[in-house]
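Positions are given from 1, in the same order as the sequence printed here. Please read all numbers here as calculations on a predicted model, not as lab measurements. Numbering of ligands and ligand atoms starts at 1, following listing order.
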Amino acid sequence: MQAFYVLATEDYRQLAAARDWAKDLRAHTLDGRIRLLDVACGSGRFPAALLAKGLPARPRVGVDLLDPSGFSIAEARAALDTPFVGEGEHEVFLQDFRIESAYDVAWATHALYALPPADLAAGVARMVAALRPGGFGVVAQACSRSHYLAFYEAYRATFAPDVTPYTDAEGVADALRTAGVRPTVAPLRYTTGTADRGVVEGFLQRCAFDDTVSLERMEADGPLAEYLAGCRSADGTYTFSHEAHLMTWENT
Ligand SMILES: C[S@@+](CC[C@H](N)C(=O)[O-])C[C@H]1O[C@@H](n2cnc3c(N)ncnc32)[C@H](O)[C@@H]1O
């Protein structure tokens with residue numbers, strides 16, 4: 001996991017730099033406070049990136065954390081600091097979320113890859129329905145040609161043809177449109193990389209959720225070897241190309 005975030009921290013740094021988030025939060029304040037739903041909160045890297053960049057102490061942002069993993073919820077809660085204050089915890093899959101509050105803001109940042117295609121529309125519809133009228137929705141997700149998706153397709157083709165594909169930004173955008181939302185889409189293009197093979201191996205194993213395949217095996221054969229050869233320079237340095245789609249909308 002540590003190796004993964006050596007490179008993946010950049011995903012959240014890019015997102016934090018992409019907008020004036022303090023302005024977005026201020027603009028969606030109701031009665032002096034903000035109620036935020038962090039969908040598939042993971043270990044709270046996005047709020048941590050916003051805090052590292054700097055946010056004003058007010059307005060207070062009460063955060064409900066949603067994730068099927070209790071471990072992730074505990075990690076995300078520990079990452080929160082002023083103006084964020086941990087409130088509700090929802091240890092559920094998004095598609096099973098029973099909405100009890102109307103949120104001012106709901107975000108899902110690099111969070112919906114594991115939502116199976118059959119549950120995507122229902123999950124995204126829950127997220128949209130959780131926002132109050134005028135509430136602000138955010139999904140950041142890599143598109144189909146971006147590293148996470150391209151790598152996973154090559155990994156599936158080489159080692160795991162029966163595993164469910166990841167959901168891409170295009171699929172999320174379709175699900176949002178089905179839920180009645182026309183999001184504004186801002187593409188964020190950037191690269192991450194390293195010459196440290198230990199970091200590359202840990203990063204790629206986490207991208208595949210499979211730590212049984214070594215970097216050497218990934219580089220050896222098939223579509224995955226071909227994909228990785230395209231990411232590797234002559235001196236062995238790896239560079240991964242990313243295109244995340246930052247989708248935002250206001251609920252009508
Ligand atoms: C990469 S993490 C999200 C990172 C997070 N946004 C952050 O800021 O650190 C993806 C999370 O999605 C969660 N997850 C997987 N399937 C899910 C589902 N169907 N509904 C909600 N969360 C899910 C996982 O437990 C995992 O914690």
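Of the heavy atoms in Ser72, only side-chain atoms (C-beta onward) come closer than 4.0 Å to ligand 1.
The distance from ligand 1 to the heavy atoms of Gln95 drops below 4.0 Å at these ligand atoms: 19 (N). Taking every heavy atom of Gly44 and a limit of under 4.0 angstrom, the matching atoms of ligand 1 come to 7 (C), 8 (O), 9 (O). With ligand atoms numbered from 1 in the order given, ligand 1 contributes 18 (C), 20 (N), 21 (C) to contacts under 4.0 Å with heavy atoms of Leu94.
Here the heavy atom of the protein found nearest to atom 1 (C) of ligand 1 is His110 O, 3.3 Å. With respect to atom 19 (N) of ligand 1, the closest heavy atom belonging to the protein is Leu115 CD1, 2.9 Å. Remark: minimum distance from atom 4 (C) of ligand 1 to any protein heavy atom is reached at Tyr12 OH, 3.3 Å. Scanning the protein for heavy atoms near atom 16 (N) of ligand 1, the closest one is Ala114 CB, 3.9 Å. When only non-hydrogen protein atoms are considered, atom 9 (O) of ligand 1 lies nearest to Arg45 N, 2.8 Å. Regarding atom 8 (O) of ligand 1, its nearest protein heavy-atom neighbour is Phe46 N, 2.9 Å. For atom 13 (C) of ligand 1, the closest non-hydrogen atom of the protein is Asp67 OD2, 3.5 Å. Among all non-hydrogen protein atoms, the one lying nearest atom 5 (C) of ligand 1 is Cys41 O, 3.1 Å.
Between Tyr12 and Tyr5, the two ring planes are tilted [angle within 30° to 60°].
Contacts classified as side chain to side chain donor-acceptor pair (under 3.5 Å) and involving residues 56-72 (residues at least two apart or in different chains) are given here: Arg35-Asp64, Arg60-Glu87, Asp64-His90, Asp64-Tyr103, Ser69-Ser72.
Across Gly70, Ala122, Pro68, heavy-atom proximity to atom 23 (C) of ligand 1 is greatest for Pro68. Nearest to atom 6 (N) of ligand 1 by heavy-atom distance, out of Asp38, Asp96, Leu66, Thr109, is Thr109.
Enclosure of atom CG in Asp221 is not indicated, since only 12 or fewer non-hydrogen atoms of other residues, nucleotides or ligands lie within 6.0 angstrom.
Here the closest heavy-atom approach between residue Asp104 and residue Leu30 is recorded as OD1-CB, 3.7 Å.
Without hydrogens or angle criteria, Tyr113 side chain to Ala142 main chain gives a donor-acceptor distance under 3.5 Å. Between the side chain of Ser214 and the main chain of Arg217, a donor-acceptor pair closer than 3.5 Å is present.
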Report the C-alpha separation of Arg197 and Glu219 in whole Å, then their side-chain angles, then the decisive distance to 0.1 Å, and conclude whether the salt bridge (charged side-chain N to carboxylate O under 4.0 Å, His left out) test is met.
CA-CA 12 Å; Arg197 289 183 61 80; Glu219 290 170 336; 2.9 Å; yes
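Under the ring pair (Phe, Tyr, Trp, His ring centres under 6.0 Å) criterion, His147 pairs with Phe151, Phe203, Tyr227, Phe240, His242, not counting sequence neighbours.
A 4.5 Å side-chain heavy-atom check between Leu55 and Pro83 finds at least one atom pair inside the cut-off.
The shortest N/O to N/O separation between Arg206 and ligand 1 does not fall below 3.5 Å.
The pair Glu75-Arg45 fails the salt-bridge criterion, with no side-chain N (NZ, NE, NH1 or NH2) lying under 4.0 Å from an Asp/Glu carboxylate O.
In this structure, Trp107 falls outside the shell of residues with a heavy atom less than 4.0 angstrom from ligand 1.
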